[in-house]
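Working notes for the structure below.
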Amino acid sequence: MRVLLLGGTGEARALAALLAGDAGLDVTTSLAGRTPRPQLPAGHVRSGGFGGAEGLARWLREHRTGAVVDATHPFAARISDHAARAARTAGVPLLALRRPGWAEQPGDRWQWAADTAEAAALLPALGRRPFLTTGAGELAAFAALPLHFLARTVTPPPPPLPARCDLITARGPFTHEGERALLRDHRIDVLVTKDSGGPAAKLAAAREAAIPVLIVRRPPPPPGVPAVPTPEAAARWLRAR
């Protein structure tokens, strides 16, 4: 069976590795092509968009695809919506692979926001030296705030940026010791992030420093799309088809 794996995450790479030796599955991982020098998964890889939901549906039919696994980032809502619409149009089963969100622990000082616009509205009441880890495409939401930001992104962010913004471009994973030093050296008094799930040393460092954390809630999967939390569960779903 031919499988399209919408990737770009560690979970997608883990699933591709699990399926690499399965003679009954022919897996192609699709990467959006926006990240320079991405970590490539096992098996076949394609890069670039499909041309929206219609283009993806056409690709699924032309390649006689038997199943799709959406293992994109939990905040890649547009891609997930396109995948759901395309799978319905092409009559192809679709599964979402989503790592679990974060769970608050004793000592955490968390506040939730529905999106980055609400996070920007809430932020001035929480601190004056924010650490932004919301992604390169989200910094514009904070551009008008008269705060001194530290922002960390994988790729350089597009304008507009906050007037006072120290920028770090780096790719994780990050260590607890490194995150603790970053908060201390930049005198950070509030962390702003998204509920991406997975390991997050920055949350432990913020808890240790008693710093409030402002978290943007993740969007749910498209209606009607089943979801599993692990690559192993996704592999079982595919092998059972």
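Residues: numbered from 1 along the sequence shown.
For Glu11 and Arg98, the salt-bridge test fails: no basic side-chain N is under 4.0 Å from an acidic carboxylate O. Salt-bridge formation is not detected for the pair Arg217/Asp115: no Lys NZ or Arg NE/NH1/NH2 atom is positioned less than 4.0 Å from an Asp or Glu carboxylate oxygen. The pair Glu104-Arg207 fails the salt-bridge criterion, with no side-chain N (NZ, NE, NH1 or NH2) lying under 4.0 Å from an Asp/Glu carboxylate O.
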### Task
Could you give me the CA-CA distance, side-chain angles and deciding distance for Asp70 and Leu97, then say whether side chain to side chain contact (heavy atoms under 4.5 Å, CB included) is met?
CA-CA 6 Å; Asp70 174 11; Leu97 170 54; over 6 Å; no
### Message
Using the rule given for side chain to side chain contact (heavy atoms under 4.5 Å, CB included), can you reason through His148 versus Cys165, listing the C-alpha separation, both sets of side-chain angles and the distance that settles it, and then say yes or no?
### Response
CA-CA 6 Å; His148 190 165; Cys165 184; over 6 Å; no
### Message
Pair Leu123, Phe142 - check side chain to side chain contact (heavy atoms under 4.5 Å, CB included), show working.
### Response
CA-CA 9 Å; Leu123 182 56; Phe142 303 90; 3.9 Å; yes
### Message
For a side chain to side chain donor-acceptor pair (under 3.5 Å) check, start with the C-alpha distance between Thr193 and Thr133, then their side-chain angles and the critical distance, and finish with the verdict.
### Response
CA-CA 5 Å; Thr193 190; Thr133 63; 2.9 Å; yes
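Taking each heavy atom of Gly197 and Arg99 in turn, the nearest pair found is C-CD, 3.5 Å. Smallest separation of non-hydrogen atoms from Ala57 and Ala90: O-CB, 4.0 Å. Of all heavy-atom pairs spanning Pro130 and Val192, the tightest one is CB-CG2, 4.4 Å. Across every non-hydrogen atom of Leu167 and Pro157, the tightest pair is CD2-CD, 3.4 Å. Considering all non-hydrogen atoms of both residues, Leu161 and Pro158 come closest at CD2-O, 3.6 Å. Closest non-hydrogen pair, Ala12 versus Ala71, comes out as CB-CB, 3.7 Å.
Among pairs with a residue in residues 174-227, none fulfils ring pair (Phe, Tyr, Trp, His ring centres under 6.0 Å), at least two apart in sequence or across chains.
Proximity of a side-chain donor or acceptor of Arg218 to a complementary backbone N or O of Phe75 within less than 3.5 Å is not detected. Formation of a donor-acceptor pair under 3.5 Å by the Arg2 side chain with backbone atoms of His63 is found in this model. A donor-acceptor contact shorter than 3.5 Å is absent between the side chain of Asp81 and the backbone of Ala83. Counting only distance, with no hydrogens or angles, the side chain of Thr175 and the backbone of Gly178 share a donor-acceptor pair below 3.5 Å. At distances below 3.5 Å, not a single donor-acceptor pair connects side-chain atoms of Thr65 with backbone N or O atoms of Ala67.
Atom CD in Gln111 sits 8.5 Å away from atom CD in Glu118 (nearest 0.5 Å). Remark: Trp59 CH2 to Leu4 CG distance equals 4.5 Å, nearest 0.5 Å.
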Anything under 3.5 Å between a donor and an acceptor, one on a side chain of residues 232-241, the other on a protein residue two or more places apart or in another chain? List them.
from, atom 1, to, atom 2, distance (Å)
Arg239, NE, Asp22, OD2, 2.9
Arg239, NH2, Leu18, O, 3.0

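Within the hydrophobic cluster formed by Ile, Leu, Val, Met, Phe, Trp and Tyr side chains joined at under 4.5 Å, directly or through other members, Leu182 is accompanied by Trp102, Trp110, Trp112, Phe131, Leu150, Ile168, Leu183, Ile188, Leu191, Leu203, Ile211, Val213, Ile215.
Within the 4.5 Å cutoff, side-chain heavy atoms of Asp26 are placed close to those of His44.
Arg46 and Thr28 share no side-chain donor-acceptor pair at under 3.5 Å.
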